[in-house]
Amino acid sequence: MWLLRLLAVVVVIAIGVGLLVYAFTGNRQYLAFSWRLFRYGVVFALLIFALMFVERLAIIPL
């Protein structure tokens with residue numbers, strides 16, 4: 001779990017750096033990079049949450 005938290009922090013920092021560099025340079029590639037990283041991060045987080053949900057369902061005896 002600590003690895004996922006570390007990955008989330010690294011993604012947030014990378015998005016922030018991309019936005020900051022875009023603000024200074026005006027190069028839209030950095031903005032596109034931040035947006036793409038945000039989208040992939042959200043998809044990855046949703047997949048992790050879905051796996052955690054399925055794991056909880058698998059533990060519940062019927």
Side-chain angles (χ1 to χ4, degrees):
M1 196 59 142
W2 65 270
L3 186 62
L4 292 175
R5 289 182 185 143
L6 180 65
L7 184 62
V9 168
V10 169
V11 167
V12 168
I13 289 172
I15 290 171
V17 168
L19 292 174
L20 191 64
V21 172
Y22 167 71
F24 283 122
T25 64
N27 190 349
R28 293 191 59 88
Q29 283 183 329
Y30 297 112
L31 188 62
F33 166 75
S34 294
W35 177 245
R36 195 175 325 121
L37 195 59
F38 174 74
R39 285 188 301 172
Y40 290 147
V42 167
V43 169
F44 182 74
L46 289 175
L47 285 172
I48 294 297
F49 292 144
L51 287 173
M52 290 171 63
F53 181 72
V54 169
E55 182 185 23
R56 289 285 180 165
L57 286 179
I59 292 174
I60 298 173
L62 295 176

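- No continuous path of ILVMFWY side-chain contacts below 4.5 Å connects F53 to L46, so the two sit in separate hydrophobic clusters.
- Using a 4.5 Å cut-off between side-chain heavy atoms of Ile, Leu, Val, Met, Phe, Trp and Tyr, with links allowed through other members, F49 and V12 fall into different hydrophobic clusters.
- Under the 4.5 Å side-chain heavy-atom criterion for grouping Ile, Leu, Val, Met, Phe, Trp and Tyr, V42 is connected to V9 within one hydrophobic cluster.
- A single hydrophobic cluster is not seen to contain both L4 and V10; linkage of ILVMFWY side chains at heavy-atom distances under 4.5 Å, directly or through other members, places them apart.
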Identify every side-chain donor-acceptor pair in residues 18-35 under 3.5 Å, counting partners at least two apart or on other chains, and give the distances.
{"unit_1": "T25", "atom_1": "OG1", "unit_2": "V21", "atom_2": "O", "d": "2.9"}
{"unit_1": "T25", "atom_1": "OG1", "unit_2": "N27", "atom_2": "N", "d": "3.2"}
{"unit_1": "N27", "atom_1": "OD1", "unit_2": "Q29", "atom_2": "N", "d": "3.2"}
{"unit_1": "S34", "atom_1": "OG", "unit_2": "I15", "atom_2": "O", "d": "3.3"}
{"unit_1": "S34", "atom_1": "OG", "unit_2": "L19", "atom_2": "N", "d": "3.4"}
{"unit_1": "S34", "atom_1": "OG", "unit_2": "Y30", "atom_2": "O", "d": "3.2"}

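- Connection of L7 to V43 is not established within any shared hydrophobic cluster, with ILVMFWY side chains joined at heavy-atom distances below 4.5 Å, either directly or through further cluster members.
- Rounded to the nearest 0.5 angstrom, L6 CG and W2 CH2 are separated by 6.5 Å.
- Residues F44 and V11 are not in side-chain contact: their nearest non-hydrogen atoms beyond the backbone lie 4.5 Å or more apart.
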